[in-house]
Amino acid sequence: MDRFVVHGGRPLEGTLTAMSAKNAVLPILAACLLTPEECVIENVPMLEDVGTMLRLLESMGAGVSRSGRTVRVRAGEEPCCEAHYDIVRKMRASYYVLGPLVGRLGHARVSLPGGCAIGARPVDLHLKGIEALGAEVSIDHGYIDARARRVRGATVTLEGPNGPSVGATANTMMAACLAKGETVIRGAACEPEVADLAGFLERMGAAIEGAGTPTVRVKGVSRLRGCRYRPIPDRIEVGTVAVAAAMTKGKVEIRNCRPGHLGAVLEMLEQGGVEVKTRGRSMVVSGRGRPKAANVSTAPYPGFPTDLQAQFTALLSLGRGTSVVTESIFESRFMHAMELNRMGANIEVNGNVAVVHGVSRLRPAQVMASDLRASAALVLAGLAARGRTEVLRIYHLDRGYERLEEKLGRLGARIERVRG
Ligand code: EPU
C-alpha cells in the first residue's frame, strides 16, 4: 500500500487549477446508461473512483474509452442490468447505476454496498425513490433487485433523519427522466453536484425544473440522446487546498473554481482569520498566522460540507482558543481526530462533537488514513508540522484527489509517494 512522506513546514505558494468534481462526475458517468448513444464527458479527473465507475460500466457492456481527460461512454442498446459486489464493494457510488437501469431497462440488480468507515450509510431513501416510481424492490443474496414494467411519475419526499440525500435525489431524478408522466421530488438535496447532474440530463434531452432546490420536477420523456458535457469544478478539492494555504501560512490562487459554491466554507475561513479574495472564477487564499477559534457544524448544502469537516478540524487544531466541530451528516466521521492528536493536536471527541483545543504547533508523526477526507486532513497537518510525517494507506486519498502530491508539489510542498 502506498504511503506519503511529507516534509512539512514550507508555505504553499503559487497557482492551481481545480479539476471537475468527483461527486458530479460519478453520477454523470452512471447517467450515460440512460441512452444508447455516445456521451462525451470532458475534464474528467484521473481518480481511483472514476476508474472504478468506468470498470463498472464496462462490466455492464458499455463501450468506454478515455483520451487524456475526455471520457466517452456508449451504453448501447442492451446494457446488462447487474452491478456486481466485486466492484460495488470498492465504491459506494456504484449504486448510482440503480436509477438509470430501472428508468431505462425496467430492471436492476445492484449489490448492496456494505459498511463504510464514516458510518452506517443506509440506502432506504434510494429504494423509496424508485419504489415511488413503481419499481418492486426485493433484497436477495446481498443484491437489490428492482423491477418495473415502466416507471411512472409520482410525488416522493426523500428526507431522512439527517436531512436530504444527495445519492437518493440523483437516483430518483435519473430514473424519473424516462418515466411516464411527471415526478415531483420533495426534500431533494440542493448540492451543486445534483444541479450539475440535472444540467447533464437536460443536455441529454430530459425536462427537469428546480434542481438545486428542495423541490425538483421531472417530466418524463420517451428517449434521451448522447451529448458532450463538462462537469463543475470540485468545491471540496478547492476547499482542501484553501485550508492547506491557510495552515502553511502560504498564499495560493485557485483558478477554475466557483466561489459561489463555497459560501459557508469561505465564511468559516474568514471567521478563522484567513484572507480570501474572490474574483470571478478564481480566488486567492492567504494564511496569516494562527487561525482564530471558530465553531463549525456540518449541514446539507448550502451549509458547511461534511466533506471538508476533517480538513477544518486540522486547521482549527492550530487555532487560538477552543473550537467546537459538530458532524451532523455522518455518525462516525472523526477518525482523523485521534491521528491528529498523535501529531500533538488536542481534540476530544464525544459522539458527533469534537472539542478542539488549539495548540501552537503540530509535530510530525506516522499516521494512518481511515477514509478519503480524513487522509486529506492528515496530509494538511503534515504540511504544517515542521519535519517528516508519514501518512499510511493513502489509497483512500487517491480515490478522490488527483495526484495530490504533484499538485501540492507545484505549490512548493515536499511530498514523496512511497510505493508498496
Ligand atoms: N441517508 C439515509 N438513507 C439513504 C441515504 C442516505 O438515511 O438512503 C443518510 C446518510 O446516512 C447520511 C445522509 O443521509 O446521514 C446524507 O447522505 P447522502 O445520501 O447525501 O450521501 P451520499 O449520497 O451517500 C454524497 C457524497 C459524499 C458526501 C455526501 C454528503 C458522492 C459519491 N458522495 O454521499 O461524499 O459526503 O453526499 O454531502 O457524491 C466524499 O466525497 O468523501 C463523500 C463521502
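Just follow the structure's listing: the first ligand is 1, and inside any ligand the first atom is 1. Bear in mind the structure is a predicted one, so any value in this text is a computation, not a measurement.
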J.: Just let me know how Lys128 lines up against ligand 1, side chain, backbone, both or neither, with a heavy-atom cut-off below 4.0 Å.
T.: neither
J.: Can you find an N or O of Leu125 that's nearer than 3.5 Å to an N or O of ligand 1?
T.: yes
J.: Under a 4.0 Å heavy-atom limit, does Arg333 contact ligand 1 with its side chain, its backbone, both, or neither?
T.: side chain
J.: Taking the six-membered ring of Tyr143, is the NZ or CZ of Arg109 close enough (under 6.0 Å from the centre) and on axis enough (within 45°)?
T.: yes
J.: Please work out which of Leu197, Asp371, Val166 has its closest non-hydrogen atom nearest to atom 18 (P) of ligand 1.
T.: Val166
J.: What protein heavy atom is closest to atom 41 (O) of ligand 1, reported as residue, atom name and distance in Å?
T.: Arg373 NH2, 2.7 Å
J.: Please name the residue in the list Thr313, Asp307, Thr306 that meets the side-chain hydrogen bond (donor to acceptor under 3.5 Å, both in side chains) test with Gln309.
T.: Thr313
J.: Please identify which atoms of ligand 1 are closer than 4.0 Å to at least one heavy atom of Tyr96.
T.: 39 (O)
J.: Could you tell me if His357 and Glu348 have a donor-acceptor pair between their side chains, going purely by distance under 3.5 Å?
T.: yes
J.: Can you confirm, on distance only, whether ligand 1 has an N/O atom lying under 3.5 Å from any N/O atom belonging to Pro122?
T.: yes
J.: Who's the nearest protein heavy-atom neighbour of atom 21 (O) of ligand 1, and how far?
T.: Phe330 CZ, 3.9 Å
J.: Please could you name the atoms of ligand 1 that Gly167 approaches to less than 4.0 Å, counting only its heavy atoms?
T.: 19 (O), 23 (O)
J.: Using the ring-ring contact (aromatic ring centres under 6.0 Å, His included) rule, take Phe312 and Phe304 through it: C-alpha gap first, then chi angles, then the decisive distance, then the call.
T.: CA-CA 10 Å; Phe312 267 71; Phe304 187 89; 4.8 Å; yes
J.: For Glu191 and His261, does a side-chain donor sit closer than 3.5 Å to a side-chain acceptor?
T.: no
J.: Taking the side chain as everything from C-beta on, heavy atoms only, tell me whether Cys39 gets closer than 4.5 Å to Met204.
T.: yes
J.: Counting heavy atoms not belonging to Arg417, are there more than 12 under 6.0 Å from its CZ?
T.: yes
J.: Would you kindly specify which portion of Tyr301 sits under 4.0 Å from ligand 1, judged on non-hydrogen atoms: side chain, backbone, both or neither?
T.: neither
J.: Report yes if the side chains of Ile236 and Pro305 come closer than 4.5 Å at any heavy-atom pair, otherwise no.
T.: yes
J.: Considering Arg121, Arg92, Glu331, His126, which one's heavy-atom position lies nearest to atom 34 (O) of ligand 1?
T.: Arg121
J.: Test side chain to side chain contact (heavy atoms under 4.5 Å, CB included) on Ser111 and Tyr95; report intermediate values, then the result.
T.: CA-CA 8 Å; Ser111 169; Tyr95 54 56; over 6 Å; no
J.: Does any N or O atom in Pro161 lie less than 3.5 angstrom from one in ligand 1, N or O only?
T.: no
J.: If we set the cut-off at 4.0 Å for heavy atoms, which region of Ser165 has an atom near ligand 1: side chain, backbone, both, or neither?
T.: both
J.: At a non-hydrogen distance cut-off of under 4.0 Å, which region of Ile329 contacts ligand 1 (side chain, backbone, both, or neither)?
T.: both
J.: Among all protein heavy atoms, pick the one closest to atom 32 (C) of ligand 1 and tell me residue, atom and distance.
T.: Asn23 OD1, 3.3 Å
J.: Say whether Tyr229 and Asp196, considering side chains only, have a donor N or O and an acceptor N or O under 3.5 Å apart.
T.: yes
J.: May I have the step-by-step check of side chain to side chain contact (heavy atoms under 4.5 Å, CB included) for Met173 and Leu197, ending in yes or no?
T.: CA-CA 9 Å; Met173 201 163 76; Leu197 169 65; 3.7 Å; yes
J.: Run the numbers for me: atoms of ligand 1, each under 4.0 Å from some heavy atom of Ala93, listed by number.
T.: 32 (C)
J.: Could you tell me if Glu327 and Thr298 have a donor-acceptor pair between their side chains, going purely by distance under 3.5 Å?
T.: yes
J.: Suppose we measure from atom 24 (O) of ligand 1 to each protein heavy atom; which comes out shortest, and what is that distance?
T.: Tyr95 OH, 2.8 Å
J.: Heavy atoms of the protein only: does one fall short of 4.0 Å from atom 26 (C) of ligand 1?
T.: yes
J.: Quick one about Asp145 and His107 (side-chain donor to acceptor, distance below 3.5 Å, no hydrogens or angles considered), yes or no?
T.: yes
J.: Specify side chain, backbone, both or neither for Asp307, according to which of its non-hydrogen atoms lie closer than 4.0 Å to ligand 1.
T.: side chain
J.: Would you say Lys22 has any N or O atom under 3.5 Å from an N or O of ligand 1, going by distance alone?
T.: yes
J.: To which protein heavy atom is atom 3 (N) of ligand 1 closest, and what is the distance rounded to 0.1 Å?
T.: Asp124 OD1, 2.7 Å
J.: Checking Ser323 side chain against Ala293 main chain: does a donor-acceptor pair fall under 3.5 Å?
T.: no
J.: Which of the atoms in ligand 1, numbered in the order shown and given with their element, are less than 4.0 Å from a heavy-atom of Thr306?
T.: 30 (C), 36 (O)
J.: Need the ligand 1 atom indices (1-based, order shown) with element for anything under 4.0 Å from a heavy-atom of Asn162.
T.: 15 (O)
